[in-house]
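These notes are about the structure you will find just below.
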Protein chains: 2
Amino acid sequence: MLKDLQYIKQTLAGHGLKVTHQRMVIYQVLQETDTHPAAEGIYEKIKKKNPSISLGTVYKTLEVFVEKGLIKKINTSEGNMRYDARMDIHNHIYCTNTKEIIDFKDDELDMLVRDFFKRKKIGNFNLKEFRLHISGEKIDPGKHIEIT
Amino acid sequence: MLKDLQYIKQTLAGHGLKVTHQRMVIYQVLQETDTHPAAEGIYEKIKKKNPSISLGTVYKTLEVFVEKGLIKKINTSEGNMRYDARMDIHNHIYCTNTKEIIDFKDDELDMLVRDFFKRKKIGNFNLKEFRLHISGEKIDPGKHIEIT
DNA sequence: TCTTTGTTGATAATTATTATTATTTATTTT
DNA sequence: AAAATAAATAATAATAATTATCAACAAAGA
Ligand SMILES: [Mn+2]
Ligand SMILES: [Mn+2]
Ligand SMILES: [Zn+2]
Ligand SMILES: [Zn+2]
């Protein structure tokens with residue numbers, strides 16, 4: 001899913017953000033990857049081509065993206081934050097062994113849960129969203145997890 | 001749900017832990033409360049009656065409890081850890097406004113999801129558990145959330 | 001061009017948490 | 001019971017992740 005620069009520019013601008021090189025490249029990294037990286041990881045990847053970038057800028061920029069609804073911030077059980085460019089509602093599979101986070105989306109499951117909460121009401125509460133956190137361990141850490 | 005000291009002693013001992021005053025009082029605080037406090041909060045509560053206790057001890061003790069399967073450690077979307085004395089599998093409702101975490105357990109929902117994963121298999125993955133994270137906002141922050 | 005405003009990089013500060021270690025307390029051995 | 005051993009605690013230092021500060025820089029507007 002290679003996004004061209006034009007698309008990225010439009011996306012940033014469309015969210016009310018001034019287009020800068022740093023923002024472009026940070027957003028691009030997040031688009032290209034599905035590993036839900038931490039700020040540090042994004043920073044390391046960018047530094048190769050762009051050694052002058054600052055880690056603080058990465059943090060700041062990611063925070064701005066989150067505020068503008070461009071990306072999501074997700075928290076791991078290890079306590080550090082990871083970032084996710086996928087904005088559709090979906091769930092995460094955590095491997096407690098490799099610390100990987102894998103996306104998991106299933107319409108049937110969504111319906112099932114949404115349906116449940118149509119019946120079961122939570123009083124004095126404005127439900128925004130629900131996510132399923134699935135955790136376990138990869139059997140063969142070398143191979144991929146596959147959802148069938 | 002007032003637990004007497006005898007019960008707490010037995011629980012600690014039953015999990016292979018030496019019974020100390022600090023452990024007793026830390027575990028007691030967690031038992032008495034349903035607010036999923038952070039280490040700091042537990043520490044503050046204990047300090048009143050027991051001013052000599054150290055924050056490091058609270059952290060250490062909580063970690064020991066988690067390892068022994070006495071309590072659970074849960075992570076908030078703000079990134080800091082909270083502790084939960086409830087050990088049965090259950091879900092959490094997060095209020096993004098008050099930062100409260102409220103327990104939510106429903107057998108029908110559990111079945112629904114468990115059932116789903118009996119059909120939908122995740123390959124190369126040993127599923128340990130799934131939890132539903134429900135987030136939203138309290139409508140009246142002064143009042144309680146009620147599950148009907 | 002001058003002025004204003006927003007962004008970045010360098011760096012300092014903060015927060016949550018963990019590690020270290022001497023002291024205290026509990027348990028076992030003599 | 002006294003001595004020896006082991007475990008737990010308090011005080012403190014260290015670390016990691018993240019946020020704040022601020023001067024330099026860049027873009028946009030007048
Ligand atoms: Mn995601
Ligand atoms: Mn819980
Ligand atoms: Zn994702
Ligand atoms: Zn709970």
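Lettering of chains follows the sequences in order, A, B, ..., and the numbering in each one begins at 1.
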- Distance from A:Thr76 atom OG1 to A:Lys99 atom NZ, nearest 0.5 Å?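 The OG1 atom of A:Thr76 sits 9.0 Å away from the NZ atom of A:Lys99.
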
- Message: Side chains of B:Tyr27 and B:Gln31 only: does a donor on one sit below 3.5 Å from an acceptor on the other?
- Response: yes

- Message: Distance alone, cut at 3.5 Å: any donor-acceptor contact between the side chains of B:Asp110 and B:His90?
- Response: no

Between the protein and nucleotides 14-21 of chain D, list every N/O to N/O distance that falls short of 3.5 Å.
| from | atom 1 | to | atom 2 | distance (Å) |
| --- | --- | --- | --- | --- |
| D:dT18 | OP1 | A:Met81 | N | 2.8 |
| D:dT18 | OP2 | A:Tyr59 | OH | 2.7 |

Between [N] ([atom2]) and [X] ([atom1]): distance, integer Å:
{"X": "B:Met24", "N": "D:dT9", "atom1": "CE", "atom2": "P", "result": "12 Å"}
{"X": "A:Ile53", "N": "D:dC25", "atom1": "CD1", "atom2": "C1'", "result": "15 Å"}
{"X": "A:Asn75", "N": "C:dA16", "atom1": "CG", "atom2": "C1'", "result": "15 Å"}
{"X": "A:Leu62", "N": "C:dT7", "atom1": "CG", "atom2": "C1'", "result": "15 Å"}
{"X": "A:Arg23", "N": "D:dA26", "atom1": "CZ", "atom2": "P", "result": "15 Å"}
{"X": "A:Asn50", "N": "C:dT8", "atom1": "CG", "atom2": "P", "result": "11 Å"}
{"X": "B:Leu17", "N": "D:dT9", "atom1": "CG", "atom2": "C1'", "result": "15 Å"}

- Task: Would you indicate which nucleotide in D:dA10, C:dA26, C:dT7 comes nearest to any side-chain atom of B:Lys18?
- Result: C:dA26

- Among D:dT9, D:dA28, C:dA10, the one nearest A:Ser54 by side-chain distance: C:dA10

- Query: So, is A:Gln22 near the phosphate of C:dG9, with a side-chain N or O under 4.0 Å from OP1 or OP2?
  - Reply: yes

- Message: So, does B:Thr20 get its side chain near the phosphate of D:dA8, meaning an N or O under 4.0 Å from OP1 or OP2?
- Response: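 For D:dA8, neither OP1 nor OP2 has a side-chain N or O of B:Thr20 closer than 4.0 Å.
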
- Note on the structure: Heavy-atom nearest pair, A:Cys95 first then A:Lys138, reads SG-N, 3.3 Å

- Is the B:Tyr43 to B:Tyr83 ring centre distance short of 6.0 Å? no

- Would a line drawn from the ring center of B:Phe130 to the ring center of A:His133 be shorter than 6.0 Å? no

